[in-house]
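Just below is one structure, and these are the notes that go with it.
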2 protein chains.
Amino acid sequence: MQVSKTLDYAVRSLTYMSKRPVERFSMKEISEKQHIPLNYLAKIMRKLVNRGIIRSMVGPDGGYALRKSPGEINLKDVYEAIEGELKMIDCMDKDTICSLYENCPQLPVWDKLQVSMIKILESTTLEDMLNREKSNVA
Amino acid sequence: MQVSKTLDYAVRSLTYMSKRPVERFSMKEISEKQHIPLNYLAKIMRKLVNRGIIRSMVGPDGGYALRKSPGEINLKDVYEAIEGELKMIDCMDKDTICSLYENCPQLPVWDKLQVSMIKILESTTLEDMLNREKSNVA
DNA sequence: CTAAACATGGACTTTCTGTGTCTATAATGT
DNA sequence: ACATTATAGACACAGAAAGTCCATGTTTAG
């Protein structure tokens, strides 16, 4: 029930890029400024590229750039790029053990949690995050 | 970002006990009825005992019983009994790496998520879960 | 053309945690 | 005394998360 380091890295990288949304950033710069292992960052960036959140340019002076404006990139996209579909508990889409029980009292609760998390992630864009920056920890 | 099997076991056991809130249940019964490995269940139950959610009686005809009524036991208690304090990300209470950065754009978001999860858990009692049982998956 | 700068993709290693087992001990009712 | 039940902690294991390394391919400045 925690945010993985990987996801945190991804979000950090993206918010970093959001400060100058049209520029190009080399992996090296992001890696150094955000203290993320270079080779590990490479994997993360690939996922973001594949998902269409950023685009990459090869060659000297290449790097990464946002594909959309920070206001158009929400955290649900980022989450799914990194972790895949969000689900609170495995049996929520497979019908494994749970199908053994005629009724499963806790499913609705996990579902409720899941729905509200998705809603929050979906409604939060990178731009929002930058704006909230000063008023840390609500 | 998932509900652990352990927590699910705990909730299952408690809702099972909630159906007959005054009775005593042996680990053996719970283990069999809920398909939870006996020795593993033992560890879970101890946590619930330590937290004061259930009480235990040793000896023949011993077992476990709810300490409060199902309406008075909420899921936040259960969560914390099993997993400890709920926090989305480690730096939310330690001041480790994050203190290096003058500003941390994503913290408010994780915090928002965290607060809303706690709210949902807190407002859901075992009794609620039993009542919702028939209308699965909202 | 060539080398520098960069990205890509996959294999591999390490570390950690969730999950589960085993064994020995203590308490209690009959 | 004996059977039954919980308590406590050590131990084992698998799978995932986190991180490393390397071999390859692309672009472009010079």
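Labels below follow one simple rule: chain letters A, B, ... track the order of the sequence lines, proteins then strands, and each chain is numbered from 1.
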Which donor-acceptor pairs under 3.5 Å do the side chains of residues 59-68 of chain A make with protein atoms, sequence neighbours left out?
none

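Evaluation of the side-chain contact (heavy atoms from CB on, under 4.5 Å) rule for A/T15 yields A/V11, A/L126, A/M129, B/P105, B/Q106 as partners, not counting sequence neighbours. Under the rule for a side chain to side chain donor-acceptor pair (under 3.5 Å), A/S26 has no partner lying at least two apart in sequence or in another chain. Here B/E72 pairs with nothing under the salt bridge (charged side-chain N to carboxylate O under 4.0 Å, His left out) rule; sequence neighbours left out. Evaluation of the salt bridge (charged side-chain N to carboxylate O under 4.0 Å, His left out) rule for A/R51 yields A/D77, A/E80 as partners, not counting sequence neighbours. Listed by chain and residue number, nothing satisfies the ring-ring contact (aromatic ring centres under 6.0 Å, His included) test with A/Y79 (two or more places apart in sequence, or in another chain). In terms of the salt bridge (charged side-chain N to carboxylate O under 4.0 Å, His left out) criterion, residue partners of B/R20 (sequence neighbours excluded) are, by chain and number, B/E23, B/E29.
Taking the nucleotide of DNA chain C with the nearest heavy atom to each of A/G59 and B/Y9, the more 5' of the two is matched to A/G59. Residue order along DNA chain D, read from the 5' end via each residue's closest nucleotide, puts A/L7 first among A/L7 and A/P60. The 5' end of DNA chain C is approached more closely, in terms of each residue's nearest nucleotide, by B/E83 than by the other of B/D61 and B/E83.
Put simply, CG on A/L41 is 14 Å from C1' on D/dT20, counting in whole angstrom units. One can place CG of B/D90 at 15 Å from P of D/dA17, the figure rounded to the nearest angstrom. One atom, CD of B/Q2, and another, C1' of D/dG15, lie 13 Å apart when rounded to the nearest Å. Here D/dT5 presents its P atom at 11 Å from CD of B/E29, a figure rounded to the nearest Å. Taking atom CD1 of A/I44 as the reference point, atom P of D/dA18 lies 9 Å away to the nearest angstrom. In this structure, A/Y40 atom OH and D/dA17 atom P are separated by 9 Å, rounded to whole Å.
Side-chain contact annotation: A/S31 with A/Y40, donor-acceptor N/O pair under 3.5 Å absent.
Once you apply a 4.0 Å limit to the heavy atoms of chain B, the touched nucleotides of DNA chain C run 5' to 3' over C/dT19 to C/dG29.
Taking only side-chain nitrogens and oxygens, A/T6 never comes nearer than 4.0 Å to OP1 or OP2 of D/dA17.
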Under 3.5 Å between N/O atoms: give me all the protein pairs with nucleotides 7-9 of chain D, atom names plus distance.
unit_1	atom_1	unit_2	atom_2	d
D/dT7	OP1	B/S56	OG	2.5
D/dT7	OP2	B/Y64	OH	2.6
D/dA8	N7	B/R46	NH2	3.3

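Here the closest heavy-atom approach between residue B/M117 and residue A/M1 is recorded as CE-SD, 3.3 Å.
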